[in-house]
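A quick write-up on the structure given underneath.
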2 protein chains.
Amino acid sequence: MLETLNIGRESDGQAAPRIDRRGARRAATKAEIIDAAWALVREHGLGALSLRDLGERVGMRAPSLYQYFPSKHAIYDAMFGQGMREALAAVDAAIDGLDARTALRTQARVIFEFATSDPARAQLLFQRTIPGFEPSPESYAPALELSERLQTSLLAAGITDPDAMDLCTALVSGLINQQLANDPGGERWARLVDRTVDMFFASVAPAASAPKKRSPR
Amino acid sequence: MLETLNIGRESDGQAAPRIDRRGARRAATKAEIIDAAWALVREHGLGALSLRDLGERVGMRAPSLYQYFPSKHAIYDAMFGQGMREALAAVDAAIDGLDARTALRTQARVIFEFATSDPARAQLLFQRTIPGFEPSPESYAPALELSERLQTSLLAAGITDPDAMDLCTALVSGLINQQLANDPGGERWARLVDRTVDMFFASVAPAASAPKKRSPR
DNA sequence: GTCTATATTTGGATAGAC
DNA sequence: GTCTATCCAAATATAGAC
């Protein structure tokens, strides 16, 4: 499972290496380091990650980590990229084959669940809380793809309002925020996701939002 | 202006002192320190506040600050309390005399403007980003009062849905978040505040939300 | 490839002189 | 009430041995 993660991407921007065991081993170690980093930030908070602790967790000293990542920010960046790819994968897996409107609702649910199930991850991916850090273009790419999924679903649902997308992200982001800030691990805002989506549909595409009504045209 | 801030509150929980110039002077210095702290966090970020910088800003050495605040967290706490009191004051000043529905809309606008106009302050007041810090009950009190204002306005508007308040805070919080995270200083989500409030009214109290309609009962 | 040792910086906080 | 001096701790990062 480890070696499936980054095969072929192990180059840090250089030319792709041949298929050598050396590179595979190295990639596996990097993945192990990132996994340990996730465990630590879940345990002690995102900002509390230290190279000492991280090294200890993977059975090496802090300086040895520099063989795998050139800086602490590079570790955050790898975590960011992995997290965003996971979010994208979760959305893609969930909306496959659904009609446009159901796909939108599902995206809201999936992103909400994804974000609230791991506060530290949500903090890294969706807030700007680490002083000098901003994701590299490569790590940010899946975030852009995520936006595209939303835009695509909106269009497929016949929603052409240019503000619909901003409105939609604000709604989901607000539910996530309140849940994390005021009721972490609870259900207080989770219960309101579907209702909020209904509200969104009613506002942005009122014609098709009331299934009981008989005024299709 | 400085000495109007905290007169009578200078006791750190002890019995109230007589009206002495000593206490007034001390309170003024504390206020000056807090003002300088705000300037620093606006400049370098909330987490980048250091006692060295702060001391330099007010013309004293870092250790001297301990004559006024027992710890760095106590400084954050004073900032938190001041910020929340300001938010409450801004809301109270804005909704005075308004009808319930207009008061709700105004609260959303005012809080949005208050939060987005100072990102560092918003981070302190509305996110949990500083590792060990959480506000003292005294500093948190105005935040509770702010919630009461919202609840009062909702009831006055005839909105008895128990989820309305959570929904409302999520909406405003989402708009604020997206504005701060993706378009700081811009208007992209600011433009959507009124529309979002309309959407909220339509969802939570549909009867009175469409002024054109003629079905008051 | 991992280690020890260390450089460097930075920060919060305390002790005691003045 | 402010200062100097210092402590203590922690963190990132580098150099060079093995």
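The basis for the numbers below is simple: all heavy atoms, side chains too, and nothing from hydrogens, waters or symmetry mates. Order of the sequence lines fixes the chain letters, A, B, ..., with proteins taken first and strands second; residue numbering starts at 1 for each chain. Fair warning: this is a prediction, and the values are worked out from it, not measured in the lab.
For the side chain to side chain contact (heavy atoms under 4.5 Å, CB included) criterion with B:L104, the lone passing option out of B:I159, B:I95, B:L98 is B:I159.
Taking a cutoff of 4.0 Å between a charged side-chain nitrogen and a carboxylate oxygen, A:E43 and A:R57 qualify as a salt bridge.
Put simply, chain B comes within 4.0 Å of DNA chain C, heavy atom to any atom, from C:dG11 to C:dT14, going 5' to 3'.
When atom types are taken as modelled, the side chain of B:S139 and the backbone of B:P135 share no donor-acceptor pair closer than 3.5 angstrom.
Contacts between residues 46-66 of chain B and DNA chain D, counted as heavy-atom distances below 4.0 Å, involve B:G59, B:M60, B:R61, B:P63, B:S64.
Residues satisfying the side chain to side chain contact (heavy atoms under 4.5 Å, CB included) test with A:R42, not counting sequence neighbours, are A:W38, A:D118. With sequence neighbours left out, the side chain to side chain donor-acceptor pair (under 3.5 Å) criterion links B:T169 to A:Q178. For A:E113, there are no salt bridge (Lys or Arg N to Asp or Glu O under 4.0 Å) partners, not counting sequence neighbours.
Residue pairs satisfying the salt bridge (charged side-chain N to carboxylate O under 4.0 Å, His left out) criterion with at least one member in residues 167-193 of chain A, sequence neighbours excluded, are listed as follows: A:R188-B:D166, A:R191-B:D163.
Between B:Q67 and A:T29, the residue anchored nearer the 5' end of DNA chain C, judged by the nucleotide with its closest heavy atom, is A:T29.
The CD atom of A:Q82 sits 10.5 Å away from atom CG of A:L124, with the distance rounded to the nearest 0.5 Å.
A:H44 has its NE2 atom 13 Å from the P atom of D:dA10, to the nearest Å.
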